[in-house]
Amino acid sequence: MSLLDKPFSEDLPLSGVKVLDISQGVAGPYAAKLLGGMGADVISVEPPIHGDYARLTPPFFEDDPHLEKSGLFLYLNTDKRSITLDLSSAQAQSVMKPLIEWADIIIENYAPDTLENLGLSYKDIEKISRKTTLVSITEFGQSGPYKDYQGTNLISLALGGLLQITGDVDKEPLKVGGRPAEYIAGLSAFSGAMIALYAQRASGEGQHVDVSMVEAIATAQMYSGLNYAYLGENRVRANDIAPMYQVSNGHVGVMYRQGNWDDFCDMIGRPEMKDDERFIDNVARRENIIELNQIVSEWMIKQDKTELYHLAQGQRMPFGYICDAEDLISSEQYIHRGYFVEIDHPVCGKLLYPGHSFFWDGEKLPMERAPLLGEHNESIYEALGFSKEELSALTEKGVI
Amino acid sequence: MSKTALEGLRVLDLTQVWAGPTCTKILGDLGAEIIKIESGRRMDISRGGTTANSGAGLYPDGDPGDEPWNTSGLYTDRNRSKISACLDLTHPKGVEVLKKLVEKSDVVIESFRSGVMERFGLSYENLKLIRKDIIMVSLASQGGSGPERSYGSFGATLEQTAGIASFTGYLGGDPRTSGTFLPDPMVAFLAIGIVLSAIEQRRTTGKGTYVDLSQREVTTGVVGEMVMDYTMNGRKWAPNGNRDNVFAPQGVYKCFGDDSWVAISIRTDDEWDTFSEMLNLSLEQSHTFSTVEQRFARHDELDRLITQWCHGKDAHDVMHALQKAGIPAGVSLTGEQILADEHLNDREFWEEVDHPMVGRRPFLSRPFKFSKHPASTRSHAPLLGAHTEYVLRSIAGLSDEEITELSDLGITSNDPTAFGPTAF
């Protein structure tokens, strides 16, 4: 047990696994949050003064821009402790060395070569601690002709091939809402870290894991490359995978499946359509989707979204309905499973957060609020052997 | 170097379609042994059924061949690096054999509708009696509890019910889905880490575990800030096209050529200054856009200026020119272009695999690379039931007589046509 370890840790799946999170924003912090949620001990190292740039990113509690009020940061940094440190300062090395020795996994998302300039490349880390794995998350990866290019969520969607297949064929390609490239890279980094940990348990050695947002999206969207490899054709933007229809109070999505077709015709009061050649199988329905949509739309517009969703699902039709945040919060299913958890925070008070997406041996794992900026400076720097005087001197210099 | 990262791990794979198979395919690429269980009566539906017109398959050069279930691209992509055994679990003798395999496996992963494993007599409680430290992971649509536990879904409908589609769409337009099944790979990429977390817990405590995961909840997890804006401020998000919430301008602009587009993001005032010079804006004009508030307020106007500038230009030329100036830009790659992309190819992203019925085609690799354990496609996706005998004999330990009996009863049949046409 190291002095650096979190005191009073519970008995959780990853209890005893130590993670140093020097990343910012979405992808890296999300990976570290997932590890922390499993019980790993996560120390987040933030830049002094403003901290992780997610702290400066909306939405803010009561729309008040404040380092402790970003909903993005609060969500992505549960189950972590926070210290501040200027990684480019002369003193950083002496602080980082024991932290690297402590860590099983380090997560970072700087541009390639930045860590090398900070003396924190995998080569440097390997010399300090052979067991430690470095997980690097970037838009383009650690190698390749675009390695030093600039990226954003949208750029990753474009070069990962997802953008081109989302939206309408007669309009521009469309992004999926939110930050899917960053989140999917975060999920990948979580799993990449766990794969490296599994290997480390056998060999005693860590390694460098290279996660690319573009590749995370290219792997995730799957269709475009495969479609061309198989058919020699580019997949076109179309809304035909699961057409959505306007109902009286929102939108409902339908998956047309052969096994549901007869029941579907009965449900919409058009039993004669069961034998209609135009809609006889999935291929025919896809070819005649415009006519089909016209017929179905007329019926749909009179329906209620949740009533229809339950009615269809009750007959084994995998319908969906468009849920906005209010629908999610009031979903009986989510309420029953306790998906949203109330977390208290010293600045923002009690708020509902999306919680764990699973039960672990019948239980929901606990979730602790995000740390205040530098909340754990005192205890962690003390464990590193810094006196109170040294700590305040470094704070004054802007190092911490 | 020679050892794979996940050597020694054996996974019994009872998943189908996309999320589960993608999780196990990547575990397989990294060296785990993946035993995929299907049956002639009930194949993975991404095999596309026994007839080509089910519409669920994607066949090489459009030709389903004599055994479409063995050639569908949706199946072959997601099921490489596995072995396939046929076992009809609706027959008690099939379940008996599966239990023998559980005894020899570290992990059982399944994606049936909630309740189906119990009906087979394969609940976690039962599996634990066979192997005390077994790890079972269920990837149900809605999880294993709650009023919607028996509901089904596909990735596209999960985008709807989990919240993403509500704010995906053209500016001021209707909600949209992604054009692929995005929740499936999200679940897959999470589930890899979940499985290995359970393994790590077993390593330290000796105990197995049961993970009851909800695909819908995983999907809501990737739009956390959208939920937080509602719980903090009561605000609901609406489709905002290709714009960003923080910086401006951002958009996707038409370039020269059929359906050719470039995505551009301007994150800072400095990037704007550089970009406005490239756009040939006068200093005066540029200054009217110098703050992000100004750029948000007149985003439409900026979109027109950028569209004009991109007109007639090659999308790759625009990307490289902007990137050389330090501005985030990327071509919206088509399927053809993403296969030819110099960056992805330099990083060996595509893996070509020979398949006896499909030939040699490029497949997706993985979202991560490991410095000490290079991963790769270890084998092409198995033909239905290709390894049944190996699995029964060498892993389950059955005798010749037992294997013959199962075959005579049709429990291990790998001929789906024997059970009548199946369709998606």
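Scope of the values below: all heavy atoms of this structure, side chains included, with no hydrogens, waters or symmetry mates. Letters A, B, ... mirror the listed sequences (proteins, then strands); counts begin at 1.
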Chemist: For A:Ile329, is it the side chain, the backbone, both or neither that has a heavy atom under 4.5 Å from a heavy atom of chain B?
Modeler: side chain

Chemist: Would B:Asp259 and A:Arg237 pass as an ion pair if we require N to O under 4.0 Å?
Modeler: yes

Chemist: What part of A:Leu197 is in contact with chain B, defined as an atom under 4.5 angstrom from a non-hydrogen atom: side chain, backbone, both or neither?
Modeler: side chain

Chemist: So which part of B:Asp77 gets closer than 4.5 Å to some heavy atom of chain A, the side chain, the backbone, both or neither?
Modeler: side chain

Chemist: What option among A:Gln142, A:Gln207, A:His336, A:Glu139 has the most heavy-atom pairs under 4.5 Å with chain B?
Modeler: A:Gln207

Chemist: Determine yes or no for a side-chain-to-main-chain donor-acceptor pair under 3.5 angstrom, with A:Ser357 supplying the side chain and B:Glu217 the backbone.
Modeler: no

Chemist: With a 4.5 angstrom heavy-atom cut-off, could you sort out which part of B:Thr219 is near chain A: side chain, backbone, both or neither?
Modeler: neither

Chemist: Just by distance, do the side chain of B:Glu336 and the backbone of A:Asn234 share a donor-acceptor pair under 3.5 Å?
Modeler: no

Chemist: Quick check on B:Val262 against chain A: is it the side chain, the backbone, both or neither that has a heavy atom closer than 4.5 Å?
Modeler: neither

Chemist: Is it the side chain or the backbone of B:Thr220 that comes within 4.5 Å of chain A heavy atoms, both, or neither?
Modeler: both

Chemist: For A:Asp324, is there any backbone N or O sitting under 3.5 Å from a side-chain donor or acceptor partner on B:Ser166?
Modeler: no

Chemist: Using modelled atom types and a 3.5 Å cut-off, is there a donor and acceptor pairing between side-chain atoms of B:Thr231 and backbone atoms of A:Leu352?
Modeler: yes

Chemist: Would the distance check show the side chain of B:Lys369 and the main-chain N or O of A:Val209 forming a donor-acceptor pair, the cut-off being under 3.5 Å?
Modeler: no

Chemist: Which region of B:Ile199, side chain (C-beta onward) or backbone (N, CA, C, O), has a non-hydrogen atom less than 4.5 Å from a non-hydrogen atom of chain A, or is it both or neither?
Modeler: side chain

Chemist: Name the region of B:Thr22, side chain, backbone, both or neither, that has any atom closer than 4.5 Å to a heavy atom of chain A.
Modeler: neither

Chemist: What part of B:Asp229 lies closer than 4.5 angstrom to a heavy atom of chain A: side chain, backbone, both or neither?
Modeler: both

Chemist: Kindly compute the distance separating CG (B:Leu333) from CG (A:Leu157), expressed to the nearest 0.5 Å.
Modeler: 11.5 Å

Chemist: Drop me the distance from A:Met194's CE to B:Leu6's CG, to the nearest 0.5 angstrom.
Modeler: 10.5 Å

Chemist: Is any side-chain heavy atom of A:Ile165 closer than 4.5 Å to a side-chain heavy atom of B:Thr180?
Modeler: yes

Chemist: Checking the side chain of A:Ser224 only, and the main-chain atoms of B:Thr334 only, is there a donor and an acceptor separated by less than 3.5 Å?
Modeler: no

Chemist: Answer with side chain, backbone, both or neither: which region of A:Ile195 has an atom nearer than 4.5 Å to a non-hydrogen atom of chain B?
Modeler: both

Chemist: With a 4.5 angstrom heavy-atom cut-off, could you sort out which part of B:Val222 is near chain A: side chain, backbone, both or neither?
Modeler: both

Chemist: Working to the nearest 0.5 Å, report the span between OH of A:Tyr230 and OG of B:Ser72.
Modeler: 7.0 Å

Chemist: Give a yes or no answer on whether the side chain of B:Asn242 reaches the backbone of A:Lys175 with a donor-acceptor pair at less than 3.5 Å.
Modeler: yes

Chemist: Which residues pass the salt bridge (charged side-chain N to carboxylate O under 4.0 Å, His left out) test with B:Lys254, sequence neighbours left out?
Modeler: none

Chemist: Heavy-atom distances under 4.5 Å only: say whether A:Lys171 touches chain B with side chain, backbone, both or neither.
Modeler: both

Chemist: Does the ring center of B:Tyr151 lie less than 6.0 Å from the ring center of A:His310?
Modeler: yes

Chemist: In terms of heavy-atom pairs under 4.5 Å with chain B, which of A:Ile137, A:Leu328, A:Ile184 leads?
Modeler: A:Leu328

Chemist: Judged by atom type as modelled, is there a donor-acceptor pair below 3.5 Å linking the side chain of B:Gln201 to the main-chain atoms of A:Leu14?
Modeler: no

Chemist: Could you check whether any side-chain heavy atom of B:Glu200 comes within less than 4.5 Å of a side-chain heavy atom of A:Arg201, counting everything from C-beta outward?
Modeler: yes

Chemist: What part of A:Tyr183 is in contact with chain B, defined as an atom under 4.5 angstrom from a non-hydrogen atom: side chain, backbone, both or neither?
Modeler: side chain

Chemist: Which answer fits B:Ile327, side chain, backbone, both or neither, if we ask what part of it has an atom under 4.5 Å from a heavy atom of chain A?
Modeler: backbone

Chemist: With heavy-atom distances below 4.5 Å as the criterion, would you say the side chains of B:Met228 and A:Tyr353 are in contact?
Modeler: yes

Chemist: Relative to A:Phe140, does B:Arg347 satisfy both conditions: NZ or CZ under 6.0 angstrom from the six-membered ring centre, and within 45 degrees of the ring's axis?
Modeler: no

Chemist: Can you say whether A:Leu351 sits under 4.5 Å from chain B via the side chain, the backbone, both, or neither, judging by heavy atoms?
Modeler: side chain

Chemist: Counting only non-hydrogen atoms closer than 4.5 Å, does B:Phe167 touch chain A with its backbone (N, CA, C, O), its side chain (CB onward), both, or neither?
Modeler: both

Chemist: Checking A:Met222 against chain B: side chain, backbone, both or neither under 4.5 Å from a heavy atom?
Modeler: both

Chemist: Counting heavy-atom pairs under 4.5 Å to chain B, which of A:Leu76, A:Leu12, A:Asp168 comes out on top?
Modeler: A:Asp168

Chemist: Measure distances from A:Thr133 to the heavy atoms of chain B and classify the residue's part below 4.5 Å as side chain, backbone, both or neither.
Modeler: neither

Chemist: Could you tell me whether B:Glu225 and A:Arg179 have a side-chain N and a carboxylate O separated by less than 4.0 Å?
Modeler: yes

Chemist: Heavy atoms only: give me the nearest A:Leu226-B:Gly73 pair and the separation to one decimal.
Modeler: CD2-O, 3.6 Å

Chemist: Please state whether the side chain, the backbone, both or neither of B:Arg361 comes within less than 4.5 Å of a heavy atom of chain A.
Modeler: side chain

Chemist: So how far is it from A:Lys147 NZ to B:Asp346 CG, rounded to the nearest 0.5 Å?
Modeler: 11.0 Å

Chemist: Given heavy-atom pairs under 4.5 angstrom as the criterion, report whether the side chain, backbone, both or neither of B:Pro185 touches chain A.
Modeler: side chain

Chemist: Checking A:Ser143 against chain B: side chain, backbone, both or neither under 4.5 Å from a heavy atom?
Modeler: both

Chemist: Are the ring centres of A:Tyr228 and B:Trp350 closer than 6.0 Å?
Modeler: no

Chemist: Is any side-chain heavy atom of B:Phe349 less than 4.5 Å from a side-chain heavy atom of A:Thr219?
Modeler: yes

Chemist: Which value, rounded to the nearest 0.5 Å, describes the distance between B:Gln250 atom CD and A:Leu154 atom CG?
Modeler: 4.0 Å

Chemist: Sort A:Phe60 into side chain, backbone, both or neither according to what part of it lies under 4.5 angstrom from a heavy atom of chain B.
Modeler: backbone

Chemist: Looking at side-chain heavy atoms only, is the closest gap between B:Tyr124 and A:Asp361 below 4.5 Å?
Modeler: yes

Chemist: With only heavy atoms counted, which part of B:Leu9 is less than 4.5 Å from chain A, the side chain, the backbone, both or neither?
Modeler: both

Chemist: So what's closer than 4.5 Å to chain B heavy atoms on A:Val17: side chain, backbone, both or neither?
Modeler: side chain

Chemist: What distance separates A:Gln221 CD from B:Ser178 OG, expressed to the nearest 0.5 Å?
Modeler: 9.5 Å

Chemist: As a test of understanding, state which of B:His343, B:His320, B:Gln323 forms a side chain to side chain donor-acceptor pair (under 3.5 Å) with A:Tyr149.
Modeler: B:His320

Chemist: Checking B:Tyr253 against chain A: side chain, backbone, both or neither under 4.5 Å from a heavy atom?
Modeler: neither

Chemist: Heavy-atom distances under 4.5 Å only: say whether A:Leu34 touches chain B with side chain, backbone, both or neither.
Modeler: side chain

Chemist: With a 4.5 Å limit on heavy-atom distance, are the side chains of B:Trp261 and A:Glu172 in contact?
Modeler: yes

Chemist: May I ask you to test the A:Pro13-B:Lys207 pair for a side-chain heavy-atom distance under 4.5 Å?
Modeler: no

Chemist: Is the side chain of A:His208 donor-acceptor paired with the backbone N or O of B:Ser371 at a distance under 3.5 Å, no angle test?
Modeler: no

Chemist: Do A:Phe359 and B:Val211 make a side-chain contact, defined as non-hydrogen atoms from C-beta onward lying under 4.5 Å apart?
Modeler: no

